[in-house]
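Here's the structure we're looking at; comments come further down.
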Amino acid sequence: MAEFDPSSPRRDVVVQLNGVRKVFNPGTAIATEVLHGIDLTLRQGEFCAVMGPSGSGKSTLLNIVGLLDRPSSGGLAICGEETAQLDDRALTRLRGHNIGFVFQYHHLITAFTALENVMMPMLGAAGFPNAAMYERAQALMASVGLSEWQHKLAGNLSGGQQQRVAVARALAMRPALLLADEPTGNLDSKSATAVFDLLRRVNLEQGTAILFVTHNPALAARCDRKIEVIDGLLSG
C-alpha cells in the first residue's frame with residue numbers, strides 16, 4: 001500500500017460535528033449540560049490530540065463521536081452519514097465498520113490468545129470464523145511486531161504488548177476513524193512511546209483519522225493538531 005499523502009486536498013471528512021450539545025437528566029431539576037455547542041471537523045489522515053482537565057467533557061465528546069451515546073441536539077456525521085435518524089441497529093453497523101477504539105485499559109479477553117482477541121471484531125461482524133479473518137489477524141499481529149506472541153494467552157503478555165494487541169484489534173475492520181482514549185496512560189514511558197509510534201505509523205500509512213485523548217503534552221505536541229476541551233467547549 002502506498003503511503004497516505006496528508007497534503008492531498010481531496011481528503012474525505014470522517015467526523016463532522018455541528019453545534020453538538022449534550023445534556024444529562026434533561027427536563028429535571030438536576031439537568032446538566034456537559035457539551036455546549038461543539039463544532040469539529042476531522043478529515044482522513046488527521047491525527048488530532050484532545051486534551052483538557054478531568055470533568056471537562058472529553059469522555060462525553062468521545063462517546064458521542066464513537067456512537068456510544070447520542071447528542072441532545074446538533075448534527076453528527078460519520079464518514080458522510082448523518083446519524084440523527086439512525087436507529088440503534090444502524091448505529092451499531094456504522095460504528096462496527098468505521099470506528100476502532102483503543103482505551104486506557106486494553107480490555108482484552110485474557111483467557112483467549114492474542115490472535116483470537118484481534119479476530120473478535122471480524123467475528124462479531126460475520127458471525128463465524130473463516131480463513132480470511134485468520135490471515136487478517138496474523139497480518140495485524142505482524143504489523144504491531146507481535147507475531148511471535150500471537151498464540152500466547154493475552155493475560156500472559158506485558159502491559160505494552162497487550163496494548164499493541166488492542167491497537168491491532170481496533171484496526172481489524174479497517175476503520176476510517178480510530179478513537180484512542182488515553183491509550184498510553186497506564187504504560188511506562190518506553191511502552192507509551194512505542195504505542196504512540198504505532199498509532200502514528202497507522203495514521204501515516206493508511207490515512208486513518210485519529211482522535212487521541214491524552215494528558216501527555218510531549219505526545220500531544222507530536223500530533224498534527226491539538227484541541228482542548230474546557231468546560232464543555234473546544235479551544236484550538
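Starting from 1, each residue takes its place in the sequence as its number.
Judged as a side chain to side chain donor-acceptor pair (under 3.5 Å), and not counting sequence neighbours, S73 has no contacts. Annotation: side chain to side chain contact (heavy atoms under 4.5 Å, CB included) contacts of Q150 (sequence neighbours excluded): L115, Q138, M141. Qualifying side chain to side chain donor-acceptor pair (under 3.5 Å) partners for N18, counting only residues two or more places apart in sequence or in other chains: Q16. With sequence neighbours excluded, no residue satisfies salt bridge (Lys or Arg N to Asp or Glu O under 4.0 Å) with R174. With sequence neighbours left out, F103 forms a ring-ring contact (aromatic ring centres under 6.0 Å, His included) with F101, H107. L94 meets the side chain to side chain contact (heavy atoms under 4.5 Å, CB included) test with L67, I78, E81, T83, L86, N98; sequence neighbours excluded. For D188, the side chain to side chain donor-acceptor pair (under 3.5 Å) partners two or more places apart in sequence, or in a different chain, are S191. Judged as a salt bridge (Lys or Arg N to Asp or Glu O under 4.0 Å), and not counting sequence neighbours, the contacts of E33 are R21. Every residue two or more places apart in sequence or in another chain was checked for a salt bridge (Lys or Arg N to Asp or Glu O under 4.0 Å) with R136, and none qualifies. Residues passing the side chain to side chain contact (heavy atoms under 4.5 Å, CB included) test with T92, sequence neighbours excluded: R95.
By the 4.5 Å heavy-atom criterion applied to side chains, L62 and V213 are counted as neighbours. Side-chain contact check for F212 versus C223: some heavy-atom pair is nearer than 4.5 Å. Two residues are said to be in side-chain contact when any heavy atoms from C-beta on lie closer than 4.5 Å; R200 and D224 meet this criterion. Contact annotation: the side chain of L40 approaches that of I227 to within less than 4.5 Å [non-hydrogen atoms, C-beta and beyond]. With a 4.5 Å cut-off on side-chain heavy atoms, F24 and V34 count as touching. In this structure the side chain of V23 reaches within 4.5 angstrom of the side chain of P26, judged on heavy atoms. Inter-residue side-chain proximity for R164 and V195 is flagged as met; some heavy-atom pair is nearer than 4.5 Å. When side chains are defined from C-beta on, L234 counts as touching L61, because their heavy atoms get closer than 4.5 Å.
Each of D197, N216, T193 was compared with R222 under the side-chain hydrogen bond (donor to acceptor under 3.5 Å, both in side chains) criterion, and only D197 meets it.
From L108, atom CG reaches atom CG of L157 across 8.0 Å, with rounding to the nearest 0.5 Å.
The closest donor-acceptor contact from the side chain of R225 to the backbone of L42 lies at 3.5 Å or more, if one exists at all. Side-chain N or O atoms of H36 include one that pairs as donor or acceptor with a backbone N or O of D231 at under 3.5 Å. With hydrogens and angles ignored, the 3.5 Å screen pairs a side-chain donor or acceptor of N203 with a backbone N or O of T208.
L35 and M51 fall into different hydrophobic clusters, where Ile, Leu, Val, Met, Phe, Trp and Tyr are joined by side-chain heavy atoms under 4.5 Å apart, directly or via other members.
The stretch residues 142-157 participates, sequence neighbours left out, in no salt bridge (Lys or Arg N to Asp or Glu O under 4.0 Å) pair at all. Applying the salt bridge (Lys or Arg N to Asp or Glu O under 4.0 Å) test to every pair with at least one member in residues 54-77, sequence neighbours left out, gives these pairs: K22-D69, R70-D88.
In this structure, P71 and V20 approach most closely via the heavy-atom pair CB-CG1, 3.7 Å. Counting all heavy atoms, side chain and backbone alike, S143 lies closest to L198 at O-CD1, 4.0 Å. Across T214 and A220, no two heavy atoms sit closer than the pair CG2-CB, 4.1 Å.
Between F196 and F47, the ring planes are tilted. Angles from 30° to 60° get that label.
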**Q.** CA sep, side-chain torsions, deciding dist, call: L211, C48, side chain to side chain contact (heavy atoms under 4.5 Å, CB included)
**A.** CA-CA 5 Å; L211 279 178; C48 181; 3.9 Å; yes
